[in-house]
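Everything below concerns the one structure shown next.
Lettering follows sequence order; numbering is per chain, from 1. Heavy-atom basis, side chains included; hydrogens, waters and symmetry copies ignored.
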Amino acid sequence: MINTQKIEKKWQKYWQEHHTFETKIDHTKEKYYYLVEFPYPSGAGLHVGHVRSYTALDALARKKRMMGYNVLFPIGWDAFGAPAEQYAIKNHIHPSVAVKENIQTFKGQIQKLGISFDWSREFSTTDPEYYRWTQWQFLQFFKAGMAYKARKNINWCPNCKTGLSNEDSSGGVCERCGSQVVQKEKEQWMLRMSDYAESLIDGLKDTDFEERIKTAQINWIGKSTGAEVDFEIPQVHEKLKIYTTRPDTLYGVTFMVVAPEHPYIDLYSGLIKNMNEIIDYREKTNKKTEFERTQLVKEKTGVRIDGLTAVNPITKKEIPIYISDYVMMNYGTGAIMAVPAHDERDYEFAKKFGIEIIPVIEGGDISKEAYIGDGKMIHSGILNGLDNKKDSIQKMLDYLEEQGIGKKKTNYKLQDWIFTRQRFWGEPIPLIYCEDCGWVPVPEEDLPVLLPDVAEYEPTDDGESPLARIPEFVNTTCPHCGKPAKRETDTMPNWAGSSWYWLRYMDPHNEKEFVSKEALDYWGKVDWYNGGMEHATRHLLYARFWNQFLYNQGLVPNSEPFKVRAAHGMILGEGGVKMSKSLGNVINPDDIVENYGADALRTYEMFIGDYEKEAIWSEQGLNGCRRFLDKVIRLADKVVEKKEYSKEIEKDIHKTVKKVTEDLDSLKFNTAISALMILLNKMEKMDAVTSKDFRTYLTLLNPIAPHLTEELNEMCHLGEPLCESSWPTYDDSMLVDEEKEIAVQVNGKVRATITVHIDDDDQTIEEKAKAAENVQKHIEGKEIVKVIVIKGKIVNIVVK
RNA sequence: GCGGGUAUGGCGGAAUUGGCAGACGCACUAGACUUAGGAUCUAGCGCCGCAAGGCUUGCAGGUUCAACUCCUGUUACCCGCACCA
């Protein structure tokens, strides 16, 4: 009997010693680049969810190699960032030591699964040889004017003591530790990602991402079109610029609202009579977290600015200005025109503050709620008579531009990327501040700026990076003028290292460039990128943005880095709940490998269900797959030496080759395995199978269960190792059956099945159908209205 | 609220895109071998019914000779975004 432990080790060693999966540039072969999101080597070890996606792409990669492609299938480690640091702090070891340990664990676990990664290309984002180039690329952003420092109200996690991007603090809680996020003003390095909003939407055209991923990205970027309109503030002869998507409702504007942080408030504080009240409101708002501010939707609050008014540029009517926290400073212009008749929020506000409500679109009942539907324009001067939104907006836009009081404008929710963290465990930002020269980049030859080796890496309470406490690190000289200067002490966010890692895989040991042009030209785009749905917006947008920037700088040949992006579903614990330590339902892949073997685990995870949907772990299901593999082993006893397929299953084999080939290509691993089970069930019933039958069978199964199939191939002397062989082909003529059973329906109900020959014409089939015993019974004495014969499929007899 | 998606036996899930619903696997039942086993083999297994037959893809309609598949309406759940003007 076969010892899975032994043979798995044996073949893993074989692949390693023969460098089977190591790839080199080879212009005689077509390239294919499979990428899996590199893991964060956490202390918890590998999860069965990792196994699912790695096995899936491993199967695809193994098949593609057998089909003659030069396959790049690399792996590495995304090891910077808060989790690694938190782990290190908790366990009182330096992050770099902890990371090293965790990587060892992960690597061991992955290797036990027999994933065909090219380990010669392995790196970690925390390697100085790697982050040297992360820093170098940051400097390209800086030099291109794409990085800037701004004093910003940022999301601050009081527990992690660091600033967080909007992406990391969604819902008002810290992504990492779950604490309530508060607002704090800090100087931050920003990347001008919002400049790329349009291009990030546009670029999706050049990709083959799953629809749900495209949609998630488009929603996140949040494009909207409308107009900017100037409202005069007569007291100061200055314009208040607002953004609206509904310029058609301009005649219905009865008040203005500005964000509490709007600069005009301080600018014209001298004219505002109730400044105390305003400041009071603003402070209250500031104490609210982003979460509270967006959650307390029930009651509108605000304060009228006493002393300033605005003039509606269309009606020339003078209207009040309020401040309210339902208007955000970071979107549009931080000021809105309020149309209570046709906007729910404005309606609520107007009701509460007793402001006039003027309907300008017919429909609804203004005494009850804002009417947000379409309709005929009323009380609307030049727009009167138009009967739909689209035309009205267009006419108003034309008028605004003609009069010079407004213009068409597109807005995006996507904001600039806050590119700073006040943490130790990240790439140091390679900039130096000089009193005379300002911010100066560290010269390229001085890169990388190494993280100093220190004892204290815990964050500080004052919001400064721990690096700020290390004089030897901070104090330096200006590369420009040579005077004493200070280093930037903030580090990059953990998204930095993952924003270009697929490029480094192409040329991981290059000491002169981040990647050579030759490697870029050969490997091109990532053909297939697999990752979790949780990264559909953040990581995937950052990576695309970064790549588009590099492209615009002429540093990479493609604007879009990834052709296909697919996402695997999560694996849930029994009962359909998320696996978690606290529930004690986490499955450790090591245990499964030990008890059932890596091949059984792989087969099970591929068989568990639709790859893109979530799946529920079941030990019994796993056992079923183990049984399947055992049956394959037992089949080896029946193999007889013969270089042809067995006649009785020849067609089945051809069909299975086609089915498995196509199913693997479209990620239908479950049905591919099912097809192999069906073929196996047939072969089991035979007295003997030929060596060619078995060899083809093993080849088809090899991408899923590579160890066992190699072993059986060797044991039965079927030929060279499968990893060095080619993928089987099928013959179209072998896919057609001479005879086939088809159903006969009477009035749409199946009454019999008949056997038809491929050469039978409709007439013959119809006669056979009518002759069937049970059909006779149902058509006897009735008038046949119609007979439908669909060749090779079905016969339907309609009777009255 | 906006956007995307899902719904099929006791369970995980199939269905060549309009052509025999429930492939394959799990669980279960009976039998064989063994006679403790979580091993293996054989047969059965959507629901009602002794049977003939009838019913069945969240629910209600519609188109069609024929609907899990197309159309209309509706419910539930999941995911993403969200006082975004």
Tell me yes or no: between the side chains of [X] and [Y], is some donor less than 3.5 Å from an acceptor?
| X | Y | answer |
| --- | --- | --- |
| A/Tyr371 | A/Asp343 | no |
| A/Asp416 | A/Ser194 | yes |
| A/His535 | A/Glu37 | yes |

[N] versus [M] - spacing of their [atom1] atoms, nearest Å:
| N | M | atom1 | answer |
| --- | --- | --- | --- |
| B/rC84 | B/rG3 | C1' | 14 Å |
| B/rC33 | B/rG46 | C1' | 32 Å |
| B/rU63 | B/rC50 | C1' | 40 Å |
| B/rA51 | B/rG61 | C1' | 35 Å |
| B/rA30 | B/rC78 | P | 39 Å |
| B/rA27 | B/rC11 | C1' | 7 Å |
| B/rU17 | B/rA82 | C1' | 37 Å |
| B/rG38 | B/rC26 | P | 16 Å |

With syn defined as a glycosidic torsion within 90 degrees of 0 and anti otherwise, which applies to B/rG12?
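Glycosidic conformation of B/rG12: anti.
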With syn defined as a glycosidic angle within 90 degrees of 0 and anti as anything else, the base of B/rU72 is anti
Of the nucleotides [options], which one has an atom closest to the side chain of [X]?
| X | options | result |
| --- | --- | --- |
| A/Arg212 | B/rG80, B/rA85, B/rG4 | B/rG4 |
| A/Arg345 | B/rC83, B/rA14, B/rG80 | B/rC83 |
| A/Ser224 | B/rC41, B/rA15, B/rA85 | B/rA85 |
| A/Lys777 | B/rC83, B/rG53, B/rU40 | B/rG53 |
| A/His778 | B/rG80, B/rC83, B/rG53 | B/rG53 |

Which is it for A/Arg304 and A/Phe353 under the side chain to side chain contact (heavy atoms under 4.5 Å, CB included) test, yes or no, and what are the steps along the way?
CA-CA 9 Å; A/Arg304 179 169 176 177; A/Phe353 287 85; over 6 Å; no
Letter per nucleotide, 5' to 3', of nucleotides 18-28 of chain B [B base touched, S only sugar-phosphate touched, - untouched; heavy atoms, 4.0 Å]
-BB--BBSSS-
May I have the step-by-step check of salt bridge (charged side-chain N to carboxylate O under 4.0 Å, His left out) for A/Glu662 and A/Lys668, ending in yes or no?
CA-CA 8 Å; A/Glu662 290 175 354; A/Lys668 290 158 107 179; over 6 Å; no
Residue pair A/Ile616/A/Val798 against RNA chain B: nearer the 5' end by closest nucleotide is A/Ile616
Toward the 5' end of RNA chain B, which comes first, A/Gly222 or A/Asn219, by nearest nucleotide?
A/Asn219
For [X] and [N], give me the distance from atom [atom1] to atom [atom2], rounded to whole Å.
| X | N | atom1 | atom2 | result |
| --- | --- | --- | --- | --- |
| A/Lys613 | B/rG4 | NZ | C1' | 14 Å |
| A/Met328 | B/rC81 | CE | C1' | 14 Å |
| A/Tyr604 | B/rG12 | OH | P | 11 Å |
| A/Lys578 | B/rC78 | NZ | P | 14 Å |
| A/Asn330 | B/rA82 | CG | P | 11 Å |
| A/Asp343 | B/rG1 | CG | P | 16 Å |
| A/Gln415 | B/rC81 | CD | P | 14 Å |
| A/Trp220 | B/rG80 | CH2 | P | 10 Å |

side-chain contact (heavy atoms from CB on, under 4.5 Å), paired with A/Leu676, selected from A/Asn681, A/Val632, A/Thr656:
A/Thr656
Have a look at [X] and say if it touches a base, only the backbone sugar-phosphate, or nothing, with a 4.0 Å heavy-atom cut-off.
| X | result |
| --- | --- |
| A/Lys223 | nothing |
| A/Lys749 | sugar-phosphate |
| A/Lys740 | nothing |
| A/Arg751 | sugar-phosphate |

Hey, can you tell me if A/Tyr542 and A/Trp417 have their rings parallel, tilted or perpendicular (30° and 60° cut-offs)?
parallel
According to the interplanar angle, ranging from 0 to 90°, do the rings of A/Phe349 and A/Tyr326 count as parallel (below 30°), tilted (30 to 60°) or perpendicular (above 60°)?
tilted
OP1 or OP2 of [N] sitting under 4.0 Å from any side-chain N/O of [X]?
| X | N | value |
| --- | --- | --- |
| A/Lys413 | B/rC84 | no |
| A/Tyr326 | B/rA85 | no |
| A/Lys786 | B/rU64 | no |

Could you go through the salt bridge (charged side-chain N to carboxylate O under 4.0 Å, His left out) check for A/Glu210 and A/Lys214 one step at a time?
CA-CA 6 Å; A/Glu210 279 177 21; A/Lys214 284 191 185 180; over 6 Å; no
Strictly under 6.0 Å, is that where the ring centroids of A/Trp617 and A/Tyr604 end up?
yes
Pairs counted as Watson-Crick or G-U wobble with both distances under 3.5 Å: what dot-bracket string results for RNA chain B, using | for bases tied to another strand?
(((((((..(((......[....))).(((((.......))))).(((....)))..(((((..]....))))))))))))....
I want to check something: taking the side chain as every heavy atom from C-beta on, are A/Val229 and A/Tyr243 in contact at a cut-off of under 4.5 Å?
no
Taking atom CD of A/Glu344 as the centre, does the number of heavy atoms from other residues, nucleotides or ligands within less than 6.0 Å exceed 12?
no
